[in-house]
Protein chains: 2
Amino acid sequence: MVAKKKNVIDFSSSLPEIWRMLSDTEREMLRSSARIVHFKKNELIYLEDETPKELMCLFTGKVKIFKSGIGGRSQIIRIIRPVQYFGYRAYFARESYVTAAMAFESCTVCMIPMELIEKFLRKNGNLALFFIQMLSLDLGIADQRVVNLTQKHVRGRLAESLLGLKDSYGLEEDGATINIYLAREDLASLSNMTTSNAIRTLSNFVNERIIAIDGRKIKIIDEERLHKISRMG
Amino acid sequence: MVAKKKNVIDFSSSLPEIWRMLSDTEREMLRSSARIVHFKKNELIYLEDETPKELMCLFTGKVKIFKSGIGGRSQIIRIIRPVQYFGYRAYFARESYVTAAMAFESCTVCMIPMELIEKFLRKNGNLALFFIQMLSLDLGIADQRVVNLTQKHVRGRLAESLLGLKDSYGLEEDGATINIYLAREDLASLSNMTTSNAIRTLSNFVNERIIAIDGRKIKIIDEERLHKISRMG
DNA sequence: GTATATTTGTGTTTTAGAACATAGTTCTAT
DNA sequence: ATAGAACTATGTTCTAAAACACAAATATAC
């Protein structure tokens with residue numbers, strides 16, 4: 001039997017920022033306490049109200065971070081792409097998770113005990129700054145999102161989501177199709193609208209030749225128009 | 001002439017968390033580079049697109065952090081009370097400010113060069129953790145706010161804002177009147193609604209004996225009802 | 001491979017809240 | 001002290017988007 005892949009993970013390329021900032025001893029500690037976990041499509045990675053214990057780094061796959069709101073209506077807060085870190089905010093805030101995370105598709109995630117990370121960053125100013133910068137960027141995005149979701153109309157919000165998905169997950173070989181396979185319901189939850197409205201507005205975009213649809217696959221035809229619609233709200 | 005108050009600021013009580021974590025040398029450096037600035041009611045403290053240079057700590061007064069959204073429609077993102085730090089996120093993210101800050105009322109603010117703070121926290125794990133924790137708490141609040149502002153109805157959002165104002169600024173001696181003097185327009189901007197709707201909904205709350213109004217002063221009569229309205233959306 | 005569940009699509013109805021209009025009231029500046 | 005500006009209040013109209021209803025098309029499980 002061939003050696004399992006998980007034992008020969010190249011952390012230096014998989015955990016780029018963190019790995020680079022550590023000393024040799026720290027790297028060894030990290031290597032021995034990190035674990036790789038696989039999640040199937042639609043599997044939950046962590047749940048609201050759980051106690052955060054590990055820093056997670058998405059190696060492969062796609063993840064959504066979501067919140068269940070009023071009357072259980074759930075809302076996607078952000079999406080994670082390889083190689084991004086997630087799951088650490090609540091630990092640092094000394095809170096339970098206020099969000100949940102689910103695999104959009106089959107995923108591999110590296111889990112590192114948060115105690116270890118906290119220990120490292122107390123000594124390692126660069127690592128501390130790295131986390132401060134990630135949190136600061138996310139907070140800026142969250143502030144922007146408040147304005148976008150509350151002030152833009154349905155078309156603007158959907159256009160913005162499509163552009164955001166393209167930014168996060170890129171395009172397929174044809175240079176136009178967004179590289180994600182997403183249910184209309186998720187697209188709606190990301191854009192803060194009902195599923196009906198996501199479907200309807202998507203159809204409108206097709207009629208206006210801004211996008212093309214093949215099942216769940218979305219091809220961007222007129223990106224400039226999308227930008228304009230997103231900007232105008 | 002009497003010595004100016006600003007020269008005898010007691011940093012140990014005014015900058016509680018940060019001061020406590022510093023060494024004597026660091027304290028001396030901070031003392032010599034910090035400056036105290038006074039802002040009059042409605043004066044701008046910093047502007048969108050400016051370059052962030054200083055950590056700010058509100059000693060006295062009340063401050064709003066706001067963003068101008070689609071078509072210049074402005075929205076209050078968060079409010080600051082004494083003694084809270086603000087104005088540092090954009091520096092850490094290596095961005096320009098994406099928000100602006102304005103004094104609700106006459107304020108004193110302590111300004112500390114961010115370069116100094118960054119230098120300190122690279123060496124000082126506790127200080128780094130302090131900023132990480134503040135950012136993590138704010139990010140959690142921002143995520144919650146996205147759901148609240150997009151899913152709750154007007155009544156729920158207004159009830160939530162009133163309770164938030166009470167939490168931030170407390171009550172007056174009567175144990176019921178919220179200790180802030182706020183225009184309806186600001187209350188609307190905080191709750192993501194039009195001024196008309198803020199006024200109308202406030203009137204409804206008065207009719208329902210949940211609150212009482214005397215000009216801009218708001219007295220909470222039935223806090224339990226407010227909580228219920230806020231929770232139900 | 002077929003049955004069942006889920007997702008997608010579209011038309012219709014309803015409603016919350018924005019937009020607008022106008023008047024009375026309270027600040028604020030000189 | 002008074003004029004003008006800004007804020008508060010309330011009624012009316014209009015509209016975007018939610019809610020609902022029901023096919024049709026896919027996906028998933030057994």
Side-chain angles (χ1 to χ4, degrees), chain A residues 40-43 69-75 102 104-106 147-161 180-207 211-218 229 232-233, chain B residues 40-43 69-75 102-106 147-161 180-208 211-218 229 232-233:
Chain A
K40 287 193 286 259
K41 186 178 171 164
N42 293 330
E43 249 187 305
I70 315 300
R73 188 178 143 202
S74 97
Q75 181 151 353
M102 183 187 272
F104 269 137
E105 54 181 56
S106 171
V147 174
N148 285 342
L149 287 186
T150 57
Q151 295 195 7
K152 284 184 187 173
H153 285 185
V154 164
R155 285 169 63 88
R157 301 204 302 270
L158 187 66
E160 195 195 358
S161 291
I180 189 171
Y181 187 76
L182 206 61
R184 299 288 189 268
E185 191 182 349
D186 278 325
L187 195 54
S189 159
L190 191 63
S191 317
N192 185 42
M193 62 185 68
T194 54
T195 307
S196 305
N197 262 325
I199 290 166
R200 207 182 305 270
T201 309
L202 229 36
S203 296
N204 291 341
F205 284 176
V206 170
N207 290 336
I211 60 170
I213 286 178
D214 178 16
R216 290 190 177 181
K217 280 296 182 178
I218 298 170
I229 293 169
M232 303 299 292
Chain B
K40 288 194 284 260
K41 186 176 172 166
N42 294 329
E43 249 186 304
I70 315 300
R73 188 177 146 203
S74 98
Q75 181 150 354
M102 183 187 272
F104 268 138
E105 54 181 59
S106 171
V147 174
N148 285 341
L149 287 186
T150 57
Q151 295 195 8
K152 284 184 186 172
H153 286 185
V154 165
R155 284 170 62 89
R157 302 204 301 271
L158 186 66
E160 195 195 1
S161 291
I180 190 172
Y181 188 75
L182 206 60
R184 300 288 189 268
E185 190 181 351
D186 277 326
L187 195 54
S189 158
L190 191 63
S191 317
N192 185 42
M193 62 186 69
T194 54
T195 307
S196 303
N197 262 325
I199 290 167
R200 208 184 305 269
T201 310
L202 229 35
S203 297
N204 291 341
F205 284 176
V206 171
N207 290 335
E208 297 168 46
I211 61 171
I213 286 179
D214 178 15
R216 289 188 177 181
K217 280 295 182 179
I218 299 170
I229 293 169
M232 301 300 289

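Lettering of chains follows the sequences in order, A, B, ..., and the numbering in each one begins at 1. Note: hydrogens, waters and symmetry copies are ignored here, and every other heavy atom, side chains too, is used.
The nearest whole Å value for the distance from the CG atom in Leu149(B) to the P atom in dG17(C) is 13 Å. Rounding to whole angstrom units, CD1 of residue Ile70(B) and P of dA16(D) are separated by 16 Å. Atom C1' of nucleotide dA16(C) and atom CG of Asn192(B) are separated by 13 Å, given to the nearest angstrom. What separates CZ of Arg157(A) from C1' of dA17(D) is a distance of 9 Å, to the nearest Å. Atom-to-atom, CD1 of Ile218(A) to C1' of dT8(C) comes out at 13 Å; the value is rounded to the nearest Å. Atom CD of Gln151(A) is separated from atom C1' of dA17(D) by 17 Å (rounded to the nearest Å). Asn204(A) has its CG atom 17 Å from the P atom of dT8(C), to the nearest Å. One can place CE of Met193(A) at 8 Å from P of dA18(D), the figure rounded to the nearest angstrom.
Axis orientation changes by 70° from one end of the helix from dG1(C)-dC30(D) to dT30(C)-dA1(D) to the other, with each end axis drawn from 5 pairs and the value rounded to 10°.
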Please produce a list of atom pairs where a protein N or O lies less than 3.5 Å from an N or O of nucleotides 22-30 of chain D.
unit_1, atom_1, unit_2, atom_2, d
dA27(D), OP1, Tyr181(A), OH, 3.2

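Separation of atoms CG (Leu182(A)) and CG (Asp186(A)) is listed at 5.0 Å; rounding is to 0.5 Å. We find the CD-CG distance between Glu105(A) and Asn42(A) to be 10.5 Å, quoted to the nearest 0.5 Å. Of the inter-residue distances, the one linking Ile70(A) atom CD1 with Asn148(B) atom CG reads 6.0 Å to the nearest 0.5 angstrom.
Remark: side-chain polar atoms of Arg157(B) are paired, donor with acceptor, to backbone N or O of Asn192(B) under 3.5 angstrom. Of the possible polar contacts, none joining the Gln75(B) side chain to the Leu190(B) backbone as a donor-acceptor pair under 3.5 Å is found.
Applying the 6.0 Å contact sphere to CG of Asn207(A) captures more than 12 heavy atoms from other residues, nucleotides or ligands. By the neighbour-count criterion of 12 heavy atoms within 6.0 Å, atom CD of Glu185(A) is sparsely surrounded, having that number or fewer from other residues, nucleotides or ligands.
Leu158(A) places none of its side-chain heavy atoms less than 4.5 Å from the side chain of Asn197(A). Counting only heavy atoms from C-beta outward, the side chains of Lys41(B) and Tyr181(B) approach each other to under 4.5 Å.
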Task: Protein proximity profile, nucleotides 9-15 of chain C - base contact B, sugar-phosphate-only contact S, no contact -, cut-off 4.0 Å on heavy atoms - done: BBBB---
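For the residue pair Val154(A) and Met193(A), the shortest heavy atom distance occurs at O-CE, 3.4 Å.
Between Asn197(B) and dA16(C) there is no side-chain polar atom (N or O) within less than 4.0 angstrom of OP1 or OP2.
In this structure, Glu208(B) pairs ionically with Arg155(B), as a charged nitrogen and a carboxylate oxygen lie closer than 4.0 Å.
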